[in-house]
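Predicted, not measured: the structure shown is a model, and the values here were computed from it. Below, read A as the first sequence line, B as the second, and so on, with proteins coming before strands; counting in each chain starts at 1.
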Amino acid sequence: MLRSHLTRLLEQAASGLQKDGRWPEGALPAFSVEISDDPSHGHLAANWPLVLARTLKRPPKQVAAELMAAVQVDPWFDHIEVAGAGFLNAFLAPQACAAAIEAVEAAGADYGKETAGSGERILVEFVSANPTGPLNVVSARAAAYGDALASLLTAAGHQVWREFYVNDAGTQVEALGKTVYYWLVKDQQAAVPFPEDGYKGDYVREIAQAFLAERGEQALFGLDQGAAISMLSQFAVDLIGRWRERDLLAYGVRFDRYFSEQQDLRAAGRVEAALAELERQGVLYSQDGARFMRTTAFGDDKDRVVVRKDNTPTYFAADVAYHWDKYSRGFDRLIDVLGPDHHGYLGRMRAAVAATGKPAESFEVVLVQWIRLLRQGELVAMSKREGDFVPIADFLKEVGVDSARFTFLLRSPDSPLDFDLALAVSESQENPVYYVQYAHARIASLLRQGAAAGSGDLLLLTEPEELLLARRLLSFPEELTHAAAARAPHHIAHYAMTLAQEFHAFYNRHRVLGVPEPLSLARRRLARAVGSVLKESLALLGVSAPDRM
RNA sequence: GCGCCUAUAGCUCAGUGGAUAGAGCACUGGCCUCCGGAGCCAGGAGCGCAGGUUCGAGUCCUGCUAGGCGCGCCA
């Protein structure tokens, strides 16, 4: 909205020069408009003369002068000057401030958003941790990221579906069932040794106790060990699923669907169907008694087993079926948010997508790096199997939802993150999220005082700090679009920090109340607009914007 | 050995090929008889190493070093 405004203005000038025959016809190279960080460089800086110099075979400064001579007067800009090696620095006028406030007032909480339905149908799969224990704090980062990404994509006009894939089939779940069985029969004649691949966390005993409470000991009567374990596995998975849903809701994450590998894929015959389709395509072959998919034909670095020697389908086979199922539900684009341990898995998944004939770009994977959890500088082990991990519920109790989400979303998903629990708790009052929330609360407090009568005169907003706020507000729509396209919610977190900072600076230097009414009203409208965009930004991140703190 | 991610201030991290590289925390010094001091202003200190592309490189390319993760008929 803001940068494109300047882009258009300059392009019109260039097009005029081309029409007059002073510049050659044809497409001109693209250029960038940036928000200046040095006030002496204006509010915006364009580098077109630098880029054009080569095309036009003239020095950048001369190109700039020619361009400037042709540029039309625009109410948003006080003036535009040539600076440095050939930058164009644009300085905003009060008109722009008025335009910013009116734009935010007109759109409200939808400011900068695309209208729903104009984009793609996108399925975002995230968290999707094995259902063998309570959600680990490690999942908290992925949950915050996936949820915020989904919100961002919605704001960018896409139809977004949040999905959690429950891997409730396979050996890990069986190992969990065995462990529950161990606890149930521990003190009986039928006692078995602790399973070799068993889960050591205390929560497994809780599951055993819950089973006794809900089903009673008699539920196991007459079952052989295998059947009992199978029943216990199912019980455990269901219970853990309920724990997780509860924890995620407390964290502000609501999935549109928990997709069960066992029920929605295997029992529904989707895995066999997918395998049959692969057979039909002739991409399977037998070797060493197993059935392989020729994923190397689609760029993978080796072929992958889809049906084991014992005739059971692999996790990969189920995942092929799962992704095909997603496409069959009409989604244009699939985004998988995975942990970094899955990157070795990408090649075969891309192959699976290629086998559907879907365009390769329609399947995206975001690898969210681990957080390394420390406690007073000591690394906290994170093994679910060893039972040594921090459940998300405990973590949130210590750190708080807003603080946790904001901390995670301030970082790029690519960046490994060290998170010191002791530090996080002791400094929770110093968390950057409070800086942003404080700005919002401050604005709310301002607006509670002194009822506004009339609309004031927005053109009275001429102070440097007011123009900086106008610039920031006007750049929000582009910020949002960019963050969505880059799959980068952390840009929004940084934007909110910057907007809050610029508001605090304004507030400290200028009075909103107690100045002549037309100016006071105008400043209140500016403050309200800032508060509105702060709240919208925080909402995209799943963070609250309190009126009082 | 191969692949992916990472390396920026004392710490945790931003930085769509642009000008003098930023923020929070920590540290130092200032700032409301008045709208919320959870704030503002000022200060010190940094792009792992070596080449290359470019008018211009923290950003792109190559090599190296260090850390994380992966390379299973586990999921």
Side-chain angles (χ1 to χ4, degrees), chain A residues 3 31-32 34 36-38 40-41 45 47 50-51 53-54 59-60 83-87 89 128-130 132 167 169-173 175 197 261 287-292 301-302 304-310 312-316 318-319 339-347 367-370 372 407 410-420 423-424 427 429-435 437-439 441-450 478 482-483 485-486 488 490-491 493-494 497-498 500-501 503-515 520 523-524 527 548-549:
Chain A
R3 293 192 284 183
F31 62 102
S32 67
E34 301 195 336
S36 315
D37 37 39
D38 183 337
S40 69
H41 295 160
N47 66 349
L50 288 163
V51 176
R54 178 185 291 260
F87 291 96
N89 292 336
S128 296
N130 294 330
T132 50
N167 304 127
T171 56
Q172 297 192 8
V173 167
D197 51 357
E261 177 186 353
Q287 186 181 311
D288 304 332
R291 211 60 189 146
F292 280 72
D301 50 9
K302 57 179 173 184
R304 308 293 174 172
V305 173
V306 287
V307 181
R308 300 184 187 96
K309 215 182 310 187
D310 66 4
T312 58
T314 58
Y315 171 85
F316 173 57
D319 220 13
D341 53 336
H342 277 75
H343 96 266
Y345 194 65
L346 301 189
L367 297 180
V368 177
Q369 295 296 317
W370 296 138
R372 292 203 314 159
T407 300
L410 212 42
R411 271 75 177 181
S412 154
D414 292 333
S415 162
L417 167 63
D418 283 351
F419 197 99
D420 194 307
L423 218 61
E427 289 181 1
Q429 289 305 305
E430 306 298 332
N431 190 295
V433 74
Y434 296 103
Y435 184 82
Q437 290 181 323
Y438 183 66
R442 202 174 218 185
I443 290 166
S445 166
L446 258 184
L447 298 175
R448 277 194 296 270
Q449 306 172 46
E478 284 160 343
H482 176 245
H490 71 280
H491 287 318
H494 282 274
M497 288 283 288
T498 307
Q501 188 260 314
F503 180 78
H504 284 310
F506 157 77
Y507 178 90
N508 200 259
R509 187 140 162 70
H510 303 289
R511 293 195 57 80
V512 175
L513 307 177
V515 293
S520 175
R523 283 185 174 161
R524 267 179 269 183
R548 289 187 169 83
M549 293 173 68

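When heavy atoms are screened at a 4.0 angstrom cut-off, A:Ser415 is found touching the sugar-phosphate backbone but no base atom. At the heavy-atom level, A:Ala169 lies under 4.0 Å from the strands shown only through sugar-phosphate atoms. Note on A:Glu478: nothing from the nucleic acid sits closer than 4.0 angstrom, heavy atoms only. Nucleic acid contact class of A:Arg54 (heavy atoms, under 4.0 Å, all strands): sugar-phosphate only. Within 4.0 Å of A:Glu34, counting heavy atoms only, lies at least one base atom of the nucleic acid. Among the heavy atoms of the strands lying under 4.0 Å from A:Ala290 is at least one base atom, whether or not backbone atoms are also near. Within the 4.0 angstrom heavy-atom criterion, base atoms lie near A:His41. Using a 4.0 Å heavy-atom cutoff across all strands shown, A:Leu50 reaches at least one base atom of the nucleic acid. No contact: A:Thr498 has no heavy atom under 4.0 Å from any strand. Across all strands, A:Met549 comes closer than 4.0 Å to base atoms (heavy-atom distances). Among the protein residues, A:Asp310 comes within range of no part of the nucleic acid, since none of its heavy atoms lies under 4.0 Å from any strand. Within 4.0 Å (heavy atoms only), A:Tyr435 reaches sugar-phosphate atoms of the nucleic acid but no base atom. A:Asn47 comes within 4.0 angstrom of a base, heavy atoms only.
Atoms CZ and CD, from A:Phe292 and A:Gln287 in turn, are 5.0 Å apart once rounded to the nearest 0.5 Å. A distance of 4.0 Å separates CZ of A:Phe503 from CD1 of A:Ile443, quoted to the nearest 0.5 Å.
Nucleotide B:A42 has B:U28 as its partner under the Watson-Crick or G-U criteria, with both atom distances under 3.5 Å. Under the Watson-Crick or G-U wobble criterion, with both distances below 3.5 Å, B:C69 is paired with B:G3. The base-pairing partner of B:U62, taking Watson-Crick or G-U wobble contacts with both distances under 3.5 Å, is B:A50. Remark: B:G56 base-pairs with no nucleotide in the shown strands. Criterion, Watson-Crick or G-U wobble with two distances under 3.5 Å. Using N1 to N3 plus N6-O4 or O6-N4 for Watson-Crick, or N1-O2 and O6-N3 for G-U wobble, each under 3.5 Å, B:C13 pairs with B:G22.
On a pure distance criterion of 3.5 Å, a polar donor-acceptor pair joins the side chain of A:Asn89 and the base of B:A19. A donor-acceptor contact under 3.5 Å links the side chain of A:Arg3 to the base of B:U16. Taking 3.5 Å as the limit, the base of B:G70 and the side chain of A:Asp341 contain no donor-acceptor pair of atoms between them. For B:C73, its base never sits under 3.5 Å from the side chain of A:Arg291 at any donor and acceptor pair.
Inspection of the A:Ser40 and A:Asp38 side chains reveals an N or O donor paired with an N or O acceptor under 3.5 Å.
Close to B:A75, at under 4.0 Å from its OP1 or OP2, lies no side-chain N or O of A:Thr132.
Between the A:Ser412 side chain and the A:Asp414 main chain, a donor and an acceptor come within less than 3.5 Å of each other.
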Stepwise, does the side chain to side chain donor-acceptor pair (under 3.5 Å) test hold for A:Thr312 with A:Arg308?
CA-CA 5 Å; A:Thr312 58; A:Arg308 300 184 187 96; 2.8 Å; yes
Does A:Asp288 form a salt bridge (charged side-chain N to carboxylate O under 4.0 Å, His left out) with A:Arg291? I'd like the steps, not just the answer.
CA-CA 8 Å; A:Asp288 304 332; A:Arg291 211 60 189 146; over 6 Å; no
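Residue ring and base: A:Phe87 does not count as stacked with B:G18 (centre distance below 5.5 Å and interplanar angle below 30° not both satisfied).
Checking B:G15, B:U12, B:C35 against the side-chain heavy atoms of A:Arg511 singles out B:C35 as nearest. Across B:G15, B:C35, B:A19, the shortest atom-to-atom separation from the side chain of A:Ala45 is found for B:A19. Comparing B:A75, B:A19, B:C13 against the side chain of A:Thr171 picks out B:A75 as the nearest.
Atom CZ of A:Phe31 and atom P of B:G18 are 14 Å apart (whole Å).
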